[in-house]
Structure formats: C-alpha cells, structure tokens
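No hydrogens, no waters, no symmetry mates; every other heavy atom, side chains included, goes into these values.
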Amino acid sequence: MFSAFSALSVRGRGAARLAAATFVSGLLAAGMAVAAAGTAAADGTAQDQRGATATIGGLKTYGEAVIHDTDGDLPVPAGLFEMSVEGGGTLQTYCVDLYNPTQKDAKYHETDWSGTSLGANKDAGKIRWILQNSYPQVNDLAALAARAGVSAGLTEQDAAAGTQVAIWRYSDAANVDAVDPQAEKLADYLEKSARDLAEPAASLTLDPPAVSGRPGGLIGPVTVHTNAADTTVTPPADAATSGVRIVDKDGRPVTSASNGSELWFDVPEDAAAGSAGLTVQASTTVPVGRAFASESRSQTQILAGSSESTVSATASASWAQQGAVPALSAARNCTKGGLDITATNQGDEEFGFELMGTQYAIAAGETRTVTVPLQEDQAYDFTIKGPDGLSQRFTGVLDCRTRSAEKGTTTQTLSEPSPATVAAPSADVNLAETGGSATTPLIAGTAIGLVVIGGTFLVVTGRKQNRTHD
C-alpha cells in the first residue's frame, strides 16, 4: 500500500511530514469509502481528467548539483525524468518542487499551473523560456554550448544538469549550483537570459467538465480544446440501453471532434433522473511547459519534451424532470490555497449544500465557484450529495508549496536512480548511519496520518429540495 521514497535524506520534522502524506494517501486509496452513490451517482477527483496521465520512471539523463543551505551543502542529482504515458507515449520532465519527494511509480496528471506552486510563482514564465531554449528542445549541443559561452562543449548530462539547476533557481528560489563547470556555465546563462512566457494551453480539455439540464433536449455544450488534429469521442458506456447520445448542436451523432467542437448530451424525454459521461481521446504531443502533478504527494514536474502521446478528457451530464439539477466539478487553486468547487444548477429550484460548516445556495440557472480552504499537505476526502441520488466525491492531497514558500520544512529528496548514496550534513540525523530502524519515519507518519485523517475526512450533504412529483 505504501509507495517508497527513493534515496531520501531528511532533517528535522521532514520525515514525519512526508511519511504522513504518503500514509494518508495510501489509506484514502485503500478504501475510505463515503456514502454510496445513488441513481445519479458520479465519481469525482481533485482534478477533472484532462490531458496526459503518466507514470514516473525516474531520472534518466542527469549530472550532479549542490544545494547550499544553512545546515550545509547537499549534493543532489539534477536532470531529466522520464514518464510513460497511459495509452502510449513518453514524456521528459524537469522537477519544479525540489524539496519534496518523488515516489516510485507515482501516477501524474497534466494540470494547469494554478493547480501547482507555479500558479503563485511570478517567475513561472521564465521557467518555460528555459525549457524552450535548452535541452532537450535544443538538441544541438554544440549550438547550445556556443550560445552559453561554454568553450569546452556540453554533454547530454551537462545540458540536463545545467537546465535543471537554472529551473530550480526560479521554481524553488534555491541556492544551487551544478558541479560540472560546463553545466554551471549553462545554468548561469539560462538564468540570466530567461524571459517571461505565457502558460501553454492544455493538450486536451473539455469546458465545462460537467453540465446539467432537462431530459427531452440537448444538454451542454461541452467545448473541446486541443492541439490535436482530431479526437475520438466515446459515448456513455450504457448508451445502448439508456438511449443517451453524444451529438452536435443539430442533433447529429458525433464520434470525432476537433479544436472548438461543441458536444451535447441528447437525453430521451422519458429518461429518469440520472447522469452520464463521455470521453474524448487523441494522440498528440503535449506542449512544453505543461505542469504534471501527482495525487500521491510526489514531486511536481514540468514538461520538457513529448513524443506522440495519448491524451484524454472526460465530461459528465446530469438531468432531472424537475427541481434542482446540479453539475459539479473541482480543481486545485494553489493561489487561494484550496480546492475550487464549481456548481451549476440548471433546474427550477435552489440547490443547497454545506461545506466545512458554511451553507451555500446555488439559485436556479446560476453557476458559482466556491473555494474550500485546505492546509498544505492536507489529505481531503469528502462528498457533496444532491437531489435524485447525486453523489460527487472529491479526494486528493493539497500540494501547492515549495520549501521557499514554506519556511521550516527542511526536507531534501533524491529521485531514483540516484548516482550515489548522498549523506546529509553532519548536523543531521541519517538513519542509515546511526543504525536507526528504517521503519521509524513510517511509524511516526502513521500516527500523524491518523490525526490528519481525523481532521480532514468530511462528508458534505446537499439539501435535497422538497417537491411534489407529478
């Protein structure tokens, strides 16, 4: 159940903090189920699925760097990670979350900068400039060396290490240098030359990810945004029996879509209150600079290169003959330090629900976004219930800060495979050297994890409207 951290060196309260986050994620994934969904049930997560989903495979091209800290110098590997995309494809990424761990085989989802520490980082655009003007986007190493004034030339390891060091200086405000002189010269050049660039668009997204309405008509639209030339549209799994179709604005069935296409749910007039989902899938390259976040508290990554990869996005629709007809979606908002819950009510009655002791009312025809405040590293698992059995669950861990934004956290992690065993400064406690049990951080994490779960497990129930059915 537990994901192991790779080559981890910790100081102070870092071990307990990181073990707790892993333990909480494991318990949530292991089955802390909330109320069973009803006839209009729909599962949800912290982020609606859109873009690429990938599994991290560790560092592949890297060199050495040194972090200069108040407790001493820490050597770390610095370079390119490789990820395997679900459905096919490979991604290359750099880390933008130096002081947090990478977990072996952690699953990552493409996400907007706003869902990571980049959202509040005024230098995020400079990181994208570095990515576009260095390795591997610039794979002519002789030309890159000439630009950076590196007379001795650059190896792939030098280029990857220098690029990562320059990124860390902006992503984590880290005092870090590359060990190799050529890599360090490249890092200095990239840092000084970087200019602000805009955030890239998602490889594939559906807007909005949730819609609602009345049966007997078209519910939507859901607009496709993608850099792919074409996409495949998959209708609801039970379409043959439910009669729900995915159509265009003229009611014609849709099996493919392109950028800007509008998709609608065609729901039979006699359909009982319920919900359905659709999936859009494509093969494309993911734009350089897209962020990748994990649901299991693993180091945030930023895309440096992409092969042709499978990307997908989902959207859902809910409907009822009368009363409130809500549609719910969620996204992390690191600028505000919480989870944005967006509720749309296309019914003829108010939709009311409670979140963390606060009552909310979404009037008929209204769309409203509510930010649920959460603590950093806080595991959340709560459900919003609505009329006709609607039950939407949101789970995850808020991971928005780097060490530069979170003073007092002194955790240094290394990502597998590490080039060598790295010892912490002499002032630190290193379990491998002191003979302490390797289970000590896990035990501490277990105790803390239970407290965190007790404080963050929420069940949020919407007020079902009293109404008389014909």
Side-chain angles (χ1 to χ4, degrees), residues 45 47-57 60-61 80-94 96 106-116 118 124-125 127-139 163 197-210 220-235 246 248 254-264 277-295 300-316 329 331-332:
T45 61
Q47 295 170 294
D48 298 290
Q49 174 56 44
R50 55 181 183 168
T53 296
T55 300
I56 197 164
K60 296 300 181 184
T61 307
L80 276 171
F81 290 82
E82 188 172 288
M83 293 189 182
S84 300
V85 180
E86 286 188 5
T90 302
L91 306 178
Q92 292 175 300
T93 62
Y94 287 107
V96 287
K107 182 176 289 188
Y108 282 76
H109 302 281
E110 180 183 346
T111 188
D112 294 336
W113 288 357
S114 60
T116 71
L118 296 172
I127 296 173
R128 188 185 180 198
W129 185 96
I130 291 171
L131 293 167
Q132 292 193 329
N133 289 273
S134 191
Y135 182 76
Q137 287 302 301
V138 179
N139 57 18
T163 304
L197 295 181
E199 178 180 1
S203 60
L204 175 61
T205 186
L206 300 178
D207 183 34
V222 173
T223 303
V224 178
H225 299 286
T226 183
N227 65 348
D230 195 26
T231 70
T232 300
V233 180
T234 303
I246 307 303
D248 63 17
V254 171
T255 57
S256 64
S258 57
N259 186 47
S261 294
E262 291 186 343
L263 308 177
W264 302 75
L278 65 82
T279 300
V280 177
Q281 190 173 87
S283 182
T284 187
T285 56
V286 182
V288 170
R290 289 296 290 169
F292 278 79
S294 171
E295 293 296 324
T300 304
Q301 304 283 309
I302 193 165
L303 188 76
S306 169
S307 71
E308 192 81 2
S309 298
T310 299
V311 296
S312 63
T314 59
S316 63
S329 60
R332 290 194 190 100

I need the minimum non-hydrogen distance between [X] and [Y], along with the two atoms involved.
X: Val138; Y: Asn133; value: CG2-C, 3.6 Å
X: Ala124; Y: Leu118; value: CB-O, 3.6 Å
X: Ser256; Y: Val254; value: O-CG1, 3.1 Å
X: Tyr135; Y: Tyr94; value: O-OH, 2.9 Å
X: Val286; Y: Ala52; value: CG2-CB, 4.0 Å
X: Pro287; Y: Pro200; value: CB-CB, 3.9 Å

Between [atom1] on residue [X] and [atom2] on residue [Y], distance to nearest 0.5 Å:
X: Leu263; Y: Thr223; atom1: CG; atom2: OG1; answer: 8.0 Å
X: Ser309; Y: Met83; atom1: OG; atom2: CE; answer: 11.5 Å
X: Thr231; Y: Leu206; atom1: OG1; atom2: CG; answer: 8.5 Å
X: Thr93; Y: Leu80; atom1: OG1; atom2: CG; answer: 7.5 Å
X: Arg290; Y: Glu199; atom1: CZ; atom2: CD; answer: 6.0 Å
X: Phe292; Y: Phe81; atom1: CZ; atom2: CZ; answer: 14.0 Å

[X] side chain to [Y] backbone, donor-acceptor under 3.5 Å:
X: Glu110; Y: Ser203; value: yes
X: Gln137; Y: Ala304; value: yes
X: Ser294; Y: Lys107; value: yes
X: Thr279; Y: Thr234; value: no
X: Asn227; Y: Thr285; value: yes

Could you tell me if the side chain of [Y] sits less than 4.5 Å from the side chain of [X], heavy atoms only?
X: Thr284; Y: Leu204; answer: no
X: Ser316; Y: Pro209; answer: no
X: Glu86; Y: Thr310; answer: no
X: Ser134; Y: Trp129; answer: no

| said: Does this structure show an ion pair linking Arg50 with Asp112, if we count only N-O contacts that are shorter than 4.0 Å? | reply: yes

